[in-house]
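FYI, side chains are in, hydrogens and waters are out, and symmetry mates aren't considered; it's all heavy atoms of this structure. Labels below follow one simple rule: chain letters A, B, ... track the order of the sequence lines, proteins then strands, and each chain is numbered from 1.
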2 protein chains.
Amino acid sequence: MSVAFDQILLVPGYRKVAAAIAERILSRALREGERLPPETELARQFGVNRSTVREALRELESGGLLERRPGSKRMTVSRPRHRAVAKDVSRALALHDVTFFEVWEALTQLEPPMAEIAARNRTKPDIESLAAVCQRFAEENADTEKAVHHTAEFFRCIGRATRNQVLGLAQEPLLDLLEPSLRVMIDKVPQARSRIAAAQRRIVEATAKRDAEAARGWMARHIRDFRRGYELADIALDCRII
Amino acid sequence: MSVAFDQILLVPGYRKVAAAIAERILSRALREGERLPPETELARQFGVNRSTVREALRELESGGLLERRPGSKRMTVSRPRHRAVAKDVSRALALHDVTFFEVWEALTQLEPPMAEIAARNRTKPDIESLAAVCQRFAEENADTEKAVHHTAEFFRCIGRATRNQVLGLAQEPLLDLLEPSLRVMIDKVPQARSRIAAAQRRIVEATAKRDAEAARGWMARHIRDFRRGYELADIALDCRII
DNA sequence: GTGGCCTGATTGTCGGACAATCATACGATT
DNA sequence: AATCGTATGATTGTCCGACAATCAGGCCAC
């Protein structure tokens with residue numbers, strides 16, 4: 001007989017309640033948009049105190065499974081927003097001391113294939129919003145803040161055009177992590193704005209023509225250019241972000 | 001003068017408290033492993049009730065910024081575990097009705113470059129654990145559950161060998177999403193086990209020899225093989241997972 | 001239909017309470 | 001010396017009851 005025992009774990013009530021509600025949402029017994037019963041009613045059903053229910057709700061709320069529609073009291077079931085999930089991921093990576101290089105390397109591997117797929121799968125509206133973002137960057141790049149925002153937005157458009165949620169969500173955290181350094185780089189490297197604008201134009205053109213190879217190629221150059229920009233801006237690649 | 005007003009939002013106390021603590025953790029003023037003051041003390045400092053503090057703690061806890069070391073009362077500051085973050089991502093994707101095809105397409109784009117990078121960056125211990133997992137799959141693949149587990153573990157080893165946290169974390173949700181269908185596929189396709197074992201062997205060999213091109217190539221075949229397996233197992237690619 | 005008013009339902013927050021468990025120190029035992 | 005038992009205070013998990021602020025909906029006047 002073994003002398004090893006499994007660790008005995010006593011799960012607190014608030015977590016059990018949260019798990020019970022989460023299970024209902026995951027199994028689609030509770031559908032998106034449906035309103036959750038009031039806290040007192042939940043407390044009655046689970047046989048626990050309202051405080052316990054509330055702690056469980058906070059857990060589900062921060063996980064994105066529940067949300068409060070603005071100007072409404074009742075909690076409604078919701079699917080986690082991609083942006084919110086991505087924010088958690090980038091926060092985790094930042095806390096784990098990811099380096100610029102790691103982010104850049106991931107972009108190097110991820111973005112060119114995404115451009116390729118986007119060029120194949122893009123719909124007409126995709127091209128329109130892609131062209132719109134590209135033009136907005138070209139016109140409003142004087143303000144660093146806007147330039148950074150439009151740069152990220154361009155990648156998001158490419159992500160949507162892939163028609164693949166997994167790829168779209170995978171790149172989101174990278175954009176979050178890129179942002180602070182991008183701000184510095186755009187500010188310090190004079191030619192950055194025009195190079196980004198040119199790259200975006202090429203990529204949009206290739207995507208519009210469904211030229212997957214060209215889209216991939218220009219995107220690869222675009223990402224390589226970021227690295228050169230970092231070097232010109234004297235941003236060390238092997239130091240942690242933020 | 002504009003008649004448009006910004007939406008007025010009143011942030012509840014528990015979220016303000018959570019944000020205040022999160023800010024301290026993100027800014028590294030509170031370091032990993034450090035113990036948080038007791039709830040009553042926090043309540044005193046923030047000038048709110050303990051219930052309010054507790055709701056805030058639940059939010060931070062589920063975000064992975066705080067954790068309770070097993071068998072300990074006090075809350076300690078922690079960095080979100082990659083596994084936990086990945087679980088949130090895969091849960092979000094599953095709720096957004098992601099399809100097998102999307103997951104497979106993402107794997108197609110992500111894994112071959114990862115194998116390539118792993119072959120370049122792998123350390124000696126990486127090779128050892130890679131070989132160990134590979135061998136474990138070869139020996140213990142009779143039990144479907146174990147076969148599935150070792151298949152995912154192999155990818156995780158590759159991820160670690162890339163020495164890139166971003167890439168490693170990016171693939172984790174994919175493995176979660178792959179798991180249920182993989183279980184079905186391995187069960188229904190007789191030759192799946194031997195083909196996976198063979199592919200793993202090739203990839204490990206190439207990685208050990210630092211032959212990046214070969215590693216990438218074999219990984220690409222490995223992923224393509226999954227798709228063939230799905231087709232043989234009559235798993236529709238365009239239906240949602242779980 | 002619009003706007004005002006009333007009423008009940010619900011949430012956010014509060015204060016206090018208590019048992020169970022953890023942390024620690026202090027002896028007692030081997 | 002190392003281990004064990006016990007005592008004490010700190011801390012958490014959970015409970016109860018309470019109240020103001022706000023939301024939802026109905027009713028009524030215009």
For [X] and [N], what is the distance between atoms [atom1] and [atom2] respectively, to the nearest whole Å?
X       : N      : atom1 : atom2 : answer
A/Arg15 : D/dT12 : CZ    : C1'   : 13 Å
B/Met75 : D/dT11 : CE    : C1'   : 12 Å
B/Glu61 : D/dT12 : CD    : P     : 12 Å
B/Leu57 : D/dT12 : CG    : P     : 8 Å
A/Leu42 : C/dT10 : CG    : P     : 11 Å
A/Glu55 : C/dG12 : CD    : P     : 14 Å
B/Arg44 : D/dT11 : CZ    : P     : 12 Å

ask   = Does A/Thr40 place a side-chain N or O at less than 4.0 Å from the phosphate oxygens OP1/OP2 of C/dT10?
value =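 Indeed not, no polar side-chain atom of A/Thr40 lies that close.
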Item checked: Contact under 4.0 Å: A/Tyr14 side-chain N or O vs D/dT14 OP1/OP2 ->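 No.
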- Item | A/Pro38 side-chain proximity, nearest of D/dT14, C/dT10, D/dG13 |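 From the listed options, C/dT10 comes nearest.
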So the ring pair (Phe, Tyr, Trp, His ring centres under 6.0 Å) pairs with at least one residue in residues 11-58 of chain A (sequence neighbours excluded) are none
- Task: Assign each of B/Glu39 and A/Gly47 to its nearest nucleotide of DNA chain D by heavy atoms, then name whichever residue's nucleotide is nearer the 5' end.
- Result: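 Its nearest nucleotide being more 5', the pick is B/Glu39.
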Worksheet item: Roughly how far, to the nearest 0.5 Å, is the CG atom of B/Leu36 from the CD atom of B/Glu41?
Response: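 Interatomic distance, B/Glu41 CD to B/Leu36 CG, rounded to 0.5 Å: 10.5 Å.
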Practice problem: Verify the distance criterion only: is there a donor paired with an acceptor across the side chains of B/Glu105 and B/Gln109 at less than 3.5 Å? | Solution: no
* Asked: Will you find, in the side chains of A/Glu55 and A/Thr52, an N or O donor that is under 3.5 Å from an N or O acceptor?
  ->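 Absent: no donor and acceptor within the cut-off.
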Go through A/Val17 and A/Glu59 one step at a time and tell me if the side chain to side chain contact (heavy atoms under 4.5 Å, CB included) criterion holds. CA-CA 10 Å; A/Val17 171; A/Glu59 205 158 309; over 6 Å; no
Close N/O contacts between protein and nucleotides 17-24 of chain D (under 3.5 Å):
| residue | atom | partner | partner atom | Å |
| --- | --- | --- | --- | --- |
| D/dA18 | N6 | A/Arg50 | NH2 | 3.2 |

>> Below 30° counts as parallel, above 60° as perpendicular, anything between as tilted: where do the rings of B/His150 and B/Phe137 land?
In response: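 Rings of B/His150 and B/Phe137: perpendicular, over 60°.
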Do A/Arg183 and A/Glu145 sit within salt-bridge range, that is, some charged N less than 4.0 Å from a carboxylate O? yes
For A/Arg54, report the nucleic acid contact type (base, sugar-phosphate, nothing); a contact means any heavy atom under 4.0 Å.
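Base, at least one base atom sits under 4.0 Å.
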- [ ] Indicate, with a heavy-atom threshold strictly under 4.0 Å, whether A/Arg68 touches base, sugar-phosphate, or nothing.
- [x]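 The residue A/Arg68 makes sugar-phosphate contact but no base contact.
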